[in-house]
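This report refers to the structure that appears directly beneath it.
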Protein chains: 2
Amino acid sequence: MNLLQQKIIAVGKVLSDSVLKVDSFLNHQIDPELMKYIGEEFAALFADAGITKILTIESSGIAPSVMAGLNLGVPVVFARKRKSLTLVDQLYSAKVHSFTKNETNEISVSNSYLSKDDVVLVIDDFLANGQAALGLIDIVKQAEADCAGVGIVIEKGFQNGGNVIRQRGIRVESLAIIDSLIDGKVTFREDTSK
Amino acid sequence: MNLLQQKIIAVGKVLSDSVLKVDSFLNHQIDPELMKYIGEEFAALFADAGITKILTIESSGIAPSVMAGLNLGVPVVFARKRKSLTLVDQLYSAKVHSFTKNETNEISVSNSYLSKDDVVLVIDDFLANGQAALGLIDIVKQAEADCAGVGIVIEKGFQNGGNVIRQRGIRVESLAIIDSLIDGKVTFREDTSK
């Protein structure tokens with residue numbers, strides 16, 4: 001098991017057969033040392049992909065993305081879920097439904113920070129139904145940029161998002177893939193490169 | 001001028017006598033190298049304060065906080081502006097009015113991640129009217145923790161928040177204090193330790 005998987009086993013809480021709570025190190029409290037490790041892993045996986053920019057979504061995608069950006073030497077852009085009054089630029093936007101929160105957000109990115117010359121690594125904390133990642137990939141497409149792949153901290157392998165994105169021919173790298181949460185037990189897919 | 005001040009001069013946009021837009025490196029696009037510098041500065045300023053936890057607020061406070069947390073060797077907790085369905089704990093909460101967005105948010109922090117044994121450094125991206133920082137300080141007080149101070153990336157010295165917090169006897173360290181944005185020109189307070 002890698003450091004992330006060890007942390008999930010040690011302090012993650014299985015709330016149901018489909019919900020894993022990692023508020024103690026990723027979604028509410030953040031472990032900076034673990035984020036550093038995650039950033040290094042993403043940077044190593046995509047070292048040869050010619051990445052020029054990381055695209056993520058507020059809020060839990062920001063910490064792993066900034067650490068990856070530091071290692072790859074590229075800026076991070078985070079999509080906003082709500083428009084700010086000082087965000088006066090032209091926007092790329094996409095609709096994203098969150099099943100966890102049972103709401104649909106319009107996410108948006110200023111066109112100042114993504115262009116057709118960019119090679120983009122999309123990063124997010126969780127991949128379940130793939131709604132957020134697909135919204136981000138759609139924004140990359142609107143910018144006519146190249147999507148080099150998707151980096152995910154925790155993929156729920158028993159939900160469909162990973163398959164949907166991989167079937168589009170997009171590279172997905174998840175640092176932990178969970179195959180099951182049944183009976184309160186976290187079961188990882190052994191080779192997380194698949 | 002420090003690196004942050006140089007960046008503000010180089011790419012910050014003065015939208016009015018009171019609004020500085022730094023979406024290109026802090027609030028929408030993030031410069032990870034600059035965040036690393038900011039984190040190191042906060043860590044140096046509060047190195048002897050016995051900090052056990054950093055408290056910030058989503059979303060723009062997260063990147064500088066994680067870098068500070070990495071340098072201080074402590075976890076970061078970010079207050080949420082909306083409640084998540086998987087956040088089932090008892091919450092500390094406070095109301096925060098944003099003049100920029102013209103809305104009031106209830107911010108909340110799980111009581112699992114702040115306790116009376118904590119010595120807390122509050123970090124935020126901007127200090128203007130002080131509403132967000134005061135909300136975070138209120139949450140520290142609810143947890144009966146000790147607030148060692150407030151670290152701010154950019155303080156608008158011509159607005160009242162900094163005075164209000166300092167007059168309470170709370171240490172405020174702002175890496176850039178802006179005294180004026182009049183005529184589209186950024187004027188820094190010379191000694192930002194005051």
Side-chain angles (χ1 to χ4, degrees), chain A residues 13 15-16 19-25 27-36 39 53-89 98-103 108-110 112-114, chain B residues 13 15-16 19-25 27-36 39 53-89 98-103 108-110 112-114:
Chain A
K13 288 185 183 166
L15 296 189
S16 73
V19 178
L20 172 72
K21 186 177 165 181
V22 288
D23 273 3
S24 61
F25 65 87
N27 300 126
H28 185 29
Q29 181 168 258
I30 300 171
D31 177 340
E33 276 292 340
L34 187 68
M35 295 305 119
K36 180 169 177 281
K53 198 151 287 194
I54 292 170
L55 178 64
T56 187
I57 182 169
E58 61 182 351
S59 292
S60 298
I62 293 175
S65 295
V66 170
M67 290 298 183
L70 187 66
N71 280 280
L72 287 167
V74 302
V76 172
V77 177
F78 65 91
R80 289 195 166 275
K81 290 176 182 165
R82 290 184 291 182
K83 285 162 192 163
S84 161
L85 291 186
T86 61
L87 206 68
V88 293
D89 311 271
S98 163
F99 291 91
T100 319
K101 296 183 180 176
N102 192 27
E103 62 185 20
S108 53
V109 171
S110 162
S112 302
Y113 305 124
L114 272 186
Chain B
K13 288 185 183 166
L15 296 188
S16 73
V19 178
L20 172 71
K21 185 178 166 180
V22 288
D23 274 3
S24 60
F25 64 87
N27 300 126
H28 185 28
Q29 181 167 258
I30 300 171
D31 177 339
E33 277 290 343
L34 187 68
M35 295 304 120
K36 180 168 177 281
K53 198 151 287 193
I54 291 170
L55 178 63
T56 188
I57 182 169
E58 60 181 350
S59 292
S60 298
I62 293 174
S65 295
V66 170
M67 290 299 184
L70 187 67
N71 280 280
L72 286 167
V74 301
V76 172
V77 177
F78 65 91
R80 290 195 167 276
K81 289 176 182 166
R82 291 183 289 183
K83 285 162 193 163
S84 160
L85 291 187
T86 60
L87 203 69
V88 293
D89 311 272
S98 164
F99 290 91
T100 319
K101 296 183 180 175
N102 193 26
E103 64 185 19
S108 54
V109 171
S110 162
S112 301
Y113 305 125
L114 272 187

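The shown structure was predicted, so the numbers you read here are calculated from the model rather than taken from an experiment. Protein chains get the first letters and strands the later ones, always in sequence-line order, with residue 1 at the start of each.
- With a 4.5 Å cut-off on side-chain heavy atoms, Asp23(A) and Ser110(B) do not count as touching.
- Judged as a side-chain hydrogen bond (donor to acceptor under 3.5 Å, both in side chains), and not counting sequence neighbours, Ser24(B) has no contacts.
- To the nearest 0.5 Å, atoms CD1 (Ile54(B)) and CD (Gln29(A)) are separated by 11.0 Å.
- Annotation: side chain of Arg80(A) is in contact with side chain of His28(B) (closest heavy-atom distance under 4.5 Å).
- A heavy-atom distance below 4.5 Å is not found between the side chains of Val66(A) and Val66(B).
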Please table the atom pairs, donor to acceptor, closer than 3.5 Å between any side-chain atom in residues 67-78 of chain B and protein atoms at least two apart or in another chain.
residue: Asn71(B); atom: ND2; partner: Met67(B); partner atom: O; Å: 2.9

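- With rounding to the nearest 0.5 Å, the separation of NZ in Lys81(B) from NZ in Lys81(A) is 11.5 Å.
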